[in-house]
Every structure is written in C-alpha cells, then in structure tokens.
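Report on the following structure.
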Amino acid sequence: MQKRKKLYEGKAKILWATDDPNLLIQEFKDSLTAFDGVKKSSMGGKGSINCEITSALFKMLESKGIDTHFVKKIAPSEQVVRHLKMIQLEVIVRNYVAGSLKKRTGLPEGKEIERPIVEFYFKSDELHDPLLAFDHIFMMGFVSMAEYNYLRKAALKINEILGNFFSECGLKLVDFKLEFGRHGTDIVLGDEITPDTCRLWDEKTGEKLDKDVFRFDLGDVESVYKEVMRRVTEISV
Ligand code: TMP
Ligand code: ASP
C-alpha cells in the first residue's frame, strides 16, 4: 500500500491517504512533546516503539469485540487504519488520581477512584483541550445523547479490558485518553494507545512507565517506552 496525500499532521502522527478511500496509513513520528507542545524533543525509534505497542493493543481490543480502526501494521512505524471522521473529543478514563485530576481536586496522587470516571475534553490545540461540562458537549454539537452514552459505555468497557491486560503485564492503568470517529453510522475507536496517552505504573515498585518520565524529567524515556513494549508484546498474541 502506497502513501499518497498527507491529510493531517499532528504532534506525534501523520495520516496519509491511500488509493483506497476507506483506508489510511497512520505513521508514528519520533517527536516527543508535552504541555501542548511547549516542551519538545525527539527520540530515535519512538515512532516504531509506539506503533508496535498500539498495534498490539488494538489487535487485542479487536479480539475482545471492540470495534477499532486498526487493520494491520505494514512497517515499523506505519499501520493501515480505517478512514474515520474523527469526533473532536478526547475521552479520558481514570482509575487513580493523577495529573490534571490531582490539580483540579487536590486529592493525593495514586488514590484509587472507586468507580472509574470518564471525562470529555474538547480536542483543540488553540484552546488547550479544555474539559467540557456535560451540557457543553451537546451545545458544541459533537455527539447526540445516544452517542454520548455509547462513548461512555465503550470507554468503560475498554478500560476494563485494557486494565486486565496491563495487569497481566504487571502495570497499573492509572488513566488514559481515547479518540473515536465515525465510520458510516458506527462509532469506532481510532487514534492510538501508547505510553504517550496512558499513565502506567509498575504494580510492584510504583515506577512511572509513561510520558510523565519525559514531562517531569524522571529518567530515561527510551528505556521506559521499550520496557512497556517488551511487556505488551510478551503477553499479546
Ligand atoms: P491529564 O491528567 O493531563 O488530564 O491526562 C490524563 C491522561 O490523558 C494521561 O494518561 C495522558 C493523556 N493525555 C493525552 O493523551 N493527551 C493530552 O493532550 C492530555 C492532556 C492527556
Ligand atoms: N499531548 C499534549 C502534547 O503532546 C499534552 C501532554 O501530553 O502533556 O503536547
């Protein structure tokens, strides 16, 4: 499959058109950014590490009945995905307090959240991805009430499957971000699931094995991402 026109370039990925209007190539870049691109770096091999991780996770989710955009991995940092019309929302699920939830609430980092929570953010770089209150989501016209309910249910189901999977890898799934898109009338999981978009803590030591290592200069980012890749690919089929 050949890459044709560049359709979109974000901080971490490029989407390319192909000769099939229903399929795109999603390419993972080596760039590392945080805090809305304020902190920038790059890491050789990061694109291929994240592509390997997200391909394995999407394949695993598909095998558990989740409808995703993933078709196949075709190169170290490239995968073929279904062409979705993305919904401009970031759906975040949280199992433990960390990051912006800690800032917003003052609750201690690592506190378990009894019933996992789902939050919706407006995906907008200019506005810095603001958190949306329930009514804002409909005011903005992003989704219908039925679609909202579907997204919430899908996000919680994905949380359950991913949480169990990461637990087998010895990792605690603290929180993560999902993006969905439309394929006809269906809503399908798109984007990526990687250490860029999840918080993962070692179950035994509590060590952070995700982008927080880059955000807050906690250690060697490359070895952390490689460790997640090793654990994920060891368990997945
Ligand atoms: P937060 O605590 O900063 O709101 O982040 C929650 C989770 O969402 C964390 O696992 C990182 C992920 N995330 C993204 O993937 N992209 C983003 O732009 C942000 C802000 C968070
Ligand atoms: N995803 C955002 C960025 O890459 C924010 C973050 O992850 O800290 O800039």
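In listed order, ligands and their atoms are each counted from 1. Just so it is clear, the structure is predicted and the values come from calculations on it, not from any experiment.
Annotation: Phe180 is not in aromatic contact with Tyr150 [ring centroid separation under 6.0 Å not met].
Of all atoms in ligand 1, listed by their number and element, those nearer than 4.0 Å to a heavy atom of Arg199 are 1 (P), 2 (O), 3 (O), 5 (O), 6 (C), 9 (C), 10 (O). If you number the atoms of ligand 1 from 1 as listed, the ones under 4.0 Å from a heavy atom of Asp196 come out as 15 (O). Near Gly99, with a cut-off below 4.0 Å to any heavy atom, the atoms of ligand 1 are 2 (O). Of all the atoms in ligand 1, the ones that sit under 4.0 Å from a non-hydrogen atom of Asp129 are 18 (O). Listed by number with element, the atoms of ligand 1 under 4.0 Å from a non-hydrogen atom of Thr197 are 10 (O), 12 (C), 15 (O). Close approach to Arg94 involves these atoms of ligand 1, each under 4.0 Å from a residue heavy atom: 1 (P), 2 (O), 4 (O), 6 (C).
Side-chain atoms of Asp67 never come within 3.5 Å of backbone atoms of Val188 as a donor-acceptor pair (strictly under, hydrogens ignored). Side chain of Asn149 to backbone of Met145: a donor-acceptor contact under 3.5 angstrom is found.
Residue contact annotation: Lys102 has no non-hydrogen atom under 4.0 Å from ligand 1.
Classification of the Tyr148-Phe134 ring pair by plane angle, with boundaries at 30° and 60°, yields perpendicular.
Between Lys123 and Asp129, no side-chain nitrogen of the basic residue sits less than 4.0 Å from a carboxylate oxygen of the acidic one, so the salt-bridge criterion is not met.
If you look at Ser100 next to ligand 1, the close heavy atoms, those under 4.0 Å, come from the backbone and the side chain alike.
With no hydrogens or angles considered, no side-chain donor-acceptor pair links Tyr225 and Glu227 at under 3.5 Å.
Here Leu57 contributes atom CG and Phe166 contributes atom CZ; the two are 4.5 Å apart, rounded to the nearest 0.5 Å.
Remark: ligand 1 and Arg215 share no N or O pair separated by less than 3.5 Å (distance only, no angle test).
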